[in-house]
**Student:** 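Here you go, one structure.
In listed order, ligands and their atoms are each counted from 1. Nothing fancy with the numbering, it's 1 onward along the sequence.
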Amino acid sequence: PRRMTPRQIIIDTDPGQDDAVAMLLALASPESLEVLGVTAVAGNVPLALTEVNARTMCELAGRTDVPVFAGCPRPMMRPLHTAEYVHGPTGLDGADLPEPTMPLQPGHAVDFLVETLRAAPEASITLCTLGPLTNIGMALVMAPEIASSVREVVMMGGAFFEGGNTTPAAEFNIWVDPHAAHLVFTSGIPITVMPLDVTHKALTSAARLQALRDLGTPQGDAVAGLLDFYDRYDMEKYGTDGGPLHDPCVIAYLLDPEMFGGKRCHVAIATDDGPAIGMTLVDWWGVTGLEPNATVINEIDAAAFYALITDRVARLPMG
Ligand code: BDR
Ligand code: CA
């Protein structure tokens with residue numbers, strides 16, 4: 001079989017249980033993905049917790065070699081809104097994981113993004129964004145020339161046919177920092193979007209969680225515990241038998257794009273104050289005549305997705 005060099009990625013994240021699983025999926029796939037660094041942002045819980053949680057997950061994956069940076073503690077223009085009502089007070093409720101001992105890197109996540117992208121060849125680095133886009137928006141303001149080094153932004157964010165999960169119009173990541181999202185969607189960088197339209201087709205089930213527990217490893221138990229806690233809120237909210245697993249869709253797309261289907265569209269972000277702020281205006285039917293700026297994903301092979309997660313979590317060293 002042909003050997004490919006792993007794709008270089010930076011994970012920008014606000015862990016969060018589903019972010020945590022996305023990190024494990026990436027860190028367990030070194031033959032496909034080289035994780036250059038993890039940049040934490042405020043979102044599901046405050047930055048003081050997301051940066052700790054990011055380090056916790058690197059340690060659980062046995063990957064203390066991956067540098068973790070703390071980024072922006074609040075969105076560009078709006079006050080920070082967190083989501084402890086979904087994720088619990090720690091952001092990683094559901095698993096009893098030790099406090100990390102690996103250090104946080106000195107320096108700001110946005111400086112790491114700017115410096116790494118400035119030094120990188122044209123279209124070489126993929127940004128995997130799993131939270132509000134504050135760090136990426138800020139980097140683009142500080143150093144617009146870095147856009148050309150980004151191969152692609154693959155983001156979890158937005159919602160269209162499915163409606164919003166945080167307001168009737170908006171999905172959480174975009175709603176928390178719509179101004180940063182606007183900067184990303186107008187940057188000219190190639191974008192692939194995993195909106196609620198696809199993540200709501202990637203529901204957990206009792207059997208899918210059991211398959212993780214059956215691995216009999218600390219990571220399998222941790223992931224099952226995290227998702228068991230995380231699912232409760234959405235199962236009640238939507239009346240479903242499982243909860244969506246949003247952020248791992250970003251990493252699964254990089255590992256196996258064949259699992260997904262979507263369409264090239266123009267996407268704009270509503271940034272005006274009012275009830276629609278944070279809405280992703282997806283021109284699915286091409287009615288604006290605007291050139292597409294994103295691939296919007298709305299289909300997933302959910303069985304293959306959960307099989308991939310279980311397979312990769314099984315690979316992680318017992319520690
Ligand atoms: C997104 O918001 C957070 O709750 C999740 O981590 C995910 O990134 C889903 O709307
Ligand atoms: Ca997230």
**Student:** Could you go step by step and tell me if Glu299 and Lys201 meet the salt bridge (charged side-chain N to carboxylate O under 4.0 Å, His left out) rule?
**Tutor:** CA-CA 7 Å; Glu299 283 166 20; Lys201 293 176 181 168; 5.8 Å; no

**Student:** In terms of residue, atom name and distance, what is the protein heavy atom nearest to atom 6 (O) of ligand 1?
**Tutor:**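 Going atom by atom, the protein heavy atom closest to atom 6 (O) of ligand 1 ends up being Asp18 OD1, 2.6 Å.
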
**Student:** Show, in sequence, the C-alpha distance, side-chain angles and deciding distance for Glu31 and Arg312, and conclude whether the salt bridge (charged side-chain N to carboxylate O under 4.0 Å, His left out) test is met.
**Tutor:** CA-CA 12 Å; Glu31 74 288 1; Arg312 296 301 155 97; 3.6 Å; yes

**Student:** How would you list, by chain and number, every residue that makes a ring pair (Phe, Tyr, Trp, His ring centres under 6.0 Å) with Tyr230, sequence neighbours excluded?
**Tutor:**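 Checked Tyr230 against ring pair (Phe, Tyr, Trp, His ring centres under 6.0 Å); matches are His87.
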
**Student:** For ligand 1, is there an N or O atom under 3.5 Å from any N or O atom of Glu171?
**Tutor:**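 Yes: some nitrogen or oxygen of Glu171 is under 3.5 Å from one in ligand 1.
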
**Student:** Does Val86 come within less than 4.0 angstrom of ligand 1, counting non-hydrogen atoms of the residue?
**Tutor:**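 No, Val86 has no heavy atom closer than 4.0 Å to ligand 1.
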
**Student:** Less than 6.0 Å separating the ring centroids of Phe172 and His246?
**Tutor:**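 Ring centroids of Phe172 and His246 are no less than 6.0 Å from each other.
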
**Student:** How are the rings of Phe161 and Trp285 set to each other: parallel, tilted or perpendicular (split at 30° and 60°)?
**Tutor:**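 Phe161 and Trp285: perpendicular rings.
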
**Student:** Considering only non-hydrogen protein atoms, determine which one is nearest to atom 8 (O) of ligand 1 and report residue, atom name and distance to 0.1 Å.
**Tutor:**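 Ranked first by proximity to atom 8 (O) of ligand 1 is Asp247 OD1, 2.7 Å.
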
**Student:** For residues 91-100, which side-chain donor-acceptor pairs fall under 3.5 Å, sequence neighbours excluded?
**Tutor:**
| residue | atom | partner | partner atom | Å |
| --- | --- | --- | --- | --- |
| Asp93 | OD1 | Thr90 | N | 3.0 |
| Asp93 | OD1 | Thr90 | OG1 | 2.5 |

**Student:** Could you tell me whether Asp228 and Arg232 have a side-chain N and a carboxylate O separated by less than 4.0 Å?
**Tutor:**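 Here Asp228 pairs with Arg232 in a salt bridge, since their nearest N and O are under 4.0 Å apart.
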
**Student:** Assess Gln17 for proximity to ligand 1: is some non-hydrogen atom of it under 4.0 Å away?
**Tutor:**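 The answer is no: ligand 1 sits nowhere under 4.0 Å from a heavy atom of Gln17.
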
**Student:** Tell me which part of Thr166 gets within contact of ligand 1: side chain, backbone, both or neither, using heavy atoms under 4.0 Å.
**Tutor:**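 Under 4.0 Å from ligand 1, Thr166 contributes no heavy atoms.
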
**Student:** Closer than 4.0 Å to some heavy atom of Phe172 - which atoms of ligand 1 meet that?
**Tutor:**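 The list of qualifying atoms is 2 (O), 3 (C), 10 (O).
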
**Student:** Does the N or O separation between Asp14 and ligand 1 drop below 3.5 Å for any pair?
**Tutor:**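 No.
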
**Student:** Looking at every heavy atom in both Ile11 and Ala26, which two are closest together, and how far apart are they?
**Tutor:**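 In terms of heavy atoms, the two residues are closest at CD1-CB, 3.8 Å.
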
**Student:** Cut-off 3.5 Å, no hydrogens considered: what does the side-chain donor-acceptor table look like for residues 247-256, sequence neighbours left out?
**Tutor:**
| residue | atom | partner | partner atom | Å |
| --- | --- | --- | --- | --- |
| Asp247 | OD2 | Asp19 | N | 3.4 |
| Asp256 | OD1 | Glu258 | N | 3.3 |

**Student:** Using 4.0 Å as the upper bound for N to carboxylate O, is an ion pair formed by Asp231 and Arg208?
**Tutor:**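 Here Arg208 does not pair with Asp231 in a salt bridge, since their nearest N and O are not under 4.0 Å apart.
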
**Student:** Would the number of heavy atoms belonging to other residues, nucleotides or ligands and lying under 6.0 Å from CG of Asp241 be above 12?
**Tutor:**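 It does not: Asp241 CG has 12 such atoms or fewer within range.
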
**Student:** Is it the case that Arg151 and Ser124 place a side-chain donor and acceptor less than 3.5 Å from each other?
**Tutor:**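 Per modelled atom types, Arg151 and Ser124 side chains form no pair under 3.5 Å.
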
**Student:** For ligand 1, is any non-hydrogen atom under 4.0 Å from Leu130's backbone (N, CA, C, O), its side chain (CB onward), both, or neither?
**Tutor:**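 Backbone only; the side chain of Leu130 stays clear of ligand 1.
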
**Student:** Closest non-hydrogen protein atom to atom 3 (C) of ligand 1, residue and atom name please, with distance?
**Tutor:**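 Residue, atom and distance for the closest contact: Asn44 OD1, 3.0 Å.
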
**Student:** In the protein, how many N/O/S atoms are under 3.0 Å from the Ca ion (ligand 2)?
**Tutor:**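 Under the 3.0 Å cut-off, the count stands at 5.
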
**Student:** What atoms of ligand 1 come within less than 4.0 Å of a heavy atom belonging to Asp19?
**Tutor:**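 Matching atoms, with element in brackets: 6 (O).
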
**Student:** Compute the shortest N/O to N/O distance between Leu196 and ligand 1 and return yes if it is under 3.5 Å, no if not.
**Tutor:**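 Min N/O separation from ligand 1 is not below 3.5 Å for Leu196.
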
